[in-house]
Amino acid sequence: MKKFLIVILITLFAIPTAFAGGPKNQYVRIRTSYGECIIRLYNETPKHRDNFIKLVKQGFYNGTLFHRVIQSFMIQGGDPDSKDTTKAKPGAELGNGDVGYTIPAEFRDSLFHKRGVLAAARDDNPAKASSGCQFYIVEGKRFTDGKLDTLEQTRLKGRKIPDWQREYYKSVGGTPHLDQNYTVYGEVVIGIDMVDRIAAVKTDKNDRPLQDVPMTVELLSKKECEQLDTILNPEH
């Protein structure tokens, strides 16, 4: 009888844990001297999400620079060479450092280059596989229907931009010519002004900021992620 009672108690205590679950999304915080932002990583792109989480846990991004900045377009970072004092001297061109592997492209029709998205940089490989570490955050700009029509006929090679995405590009902005060419795997949910501030800095001929913009990146705790899920309700 005593053994049976213990089994019942163990089962009862296990039930809340089984149904409690956890946060549905992982969020990360990027800190810079221009402020900070919080990014939700997309579950629809698990390979990119998990790789980014792995690198953040390792502290890989801490001390790397936003080494390529173009206003009304994007800010790019994550090059390991940018925290190597022998390679990142003032005026040196950055952007060629990597981790020795790529991530297969994870294009999704529902994910597009709207203002504030996190996306993977890459070289000109035919499979459009992503860099294992370098990323960019879109600042973007607003487009008119005419400009979107032209993009469809030229850079998008006839691919039509869905109406609901068109409305976003017209009202909020983004970089539509990158859609289905570079993997989008997250978005800024708090602190987009940090991106705007960095995008506005003075740069050299290689689009590198004249004054270095280092970053630190950290994973938010389970509790913080649960709170953000509740506040932001990203499923809707």
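Positions are given from 1, in the same order as the sequence printed here.
- The distance from the CZ atom of Arg29 to the CD atom of Glu36 is 5.0 Å, given to the nearest 0.5 Å.
- Counted within 6.0 Å of CZ on Arg142, heavy atoms from surrounding residues, nucleotides or ligands total 12 or fewer; the atom is thus considered open.
- Residues Asn51 and Tyr185 bring no donor and acceptor atom of their side chains to less than 3.5 Å of each other.
- In this structure, Pro209 and Val69 approach most closely via the heavy-atom pair CG-CG2, 3.7 Å.
- Between Tyr136 and His113, the ring planes lie parallel to each other; the angle is under 30°, not in the 30° to 60° tilted range.
- We find the CG-CD distance between Asp79 and Gln134 to be 4.5 Å, quoted to the nearest 0.5 Å.
- Here the side chain of Glu106 pairs a donor or acceptor atom with the backbone of Lys47 at under 3.5 angstrom.
- Side chain of Thr175 to backbone of Leu178: no donor-acceptor contact under 3.5 angstrom is found.
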Test log, rule side-chain hydrogen bond (donor to acceptor under 3.5 Å, both in side chains), inputs Glu224 and Ser221: CA-CA 5 Å; Glu224 289 173 314; Ser221 68; 3.2 Å; yes
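- The pair Arg31-Glu218 meets the salt-bridge criterion, since a charged nitrogen lies less than 4.0 angstrom from a carboxylate oxygen.
- A salt bridge between Glu152 and Lys160 is present, with a side-chain N of the basic residue lying under 4.0 Å from a carboxylate O of the acidic one.
- Judged by distance alone, the side chains of Asn62 and Thr216 never bring a donor and an acceptor atom under 3.5 Å apart.
- At a threshold of 4.0 Å, the pair Arg115-Asp196 counts as salt-bridged, since one of the basic side-chain nitrogens sits closer than that to a carboxylate oxygen.
- Using a 4.5 Å heavy-atom cutoff, the side chains of Leu94 and Leu65 are in contact.
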Where do Lys24 and Asn43 land on the side-chain hydrogen bond (donor to acceptor under 3.5 Å, both in side chains) test, with the steps shown first? CA-CA 9 Å; Lys24 294 182 178 180; Asn43 294 325; over 6 Å; no
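- Between Ile39 and Ile137, some side-chain heavy-atom pair lies under the 4.5 Å cut-off.
- Relative to the six-membered ring of Phe60, Lys83 meets both conditions, a distance below 6.0 Å and an angle of at most 45° to the axis.
- Between Tyr61 and Phe52, a ring centre-to-centre spacing shorter than 6.0 Å is recorded.
- Atom CG in Leu55 sits 10.5 Å away from atom CD1 in Ile53 (nearest 0.5 Å).
- The CD atom of Gln180 sits 9.5 Å away from atom CG of Leu156, with the distance rounded to the nearest 0.5 Å.
- To the nearest 0.5 angstrom, Asp212 atom CG is 11.0 Å from Thr64 atom OG1.
- Taking the ring centroids of Tyr168 and Phe112, they lie under the 6.0 Å cut-off.
- Going from atom CE of Met194 over to atom OH of Tyr34 covers 11.5 Å, rounded to the nearest 0.5 Å.
- By the neighbour-count criterion of 12 heavy atoms within 6.0 Å, atom CG of Asp145 is densely surrounded, having more than that number from other residues, nucleotides or ligands.
- Nearest heavy-atom pair, Ser82 versus Ala88, reported as atom, atom and distance to 0.1 Å: O-CB, 3.5 Å.
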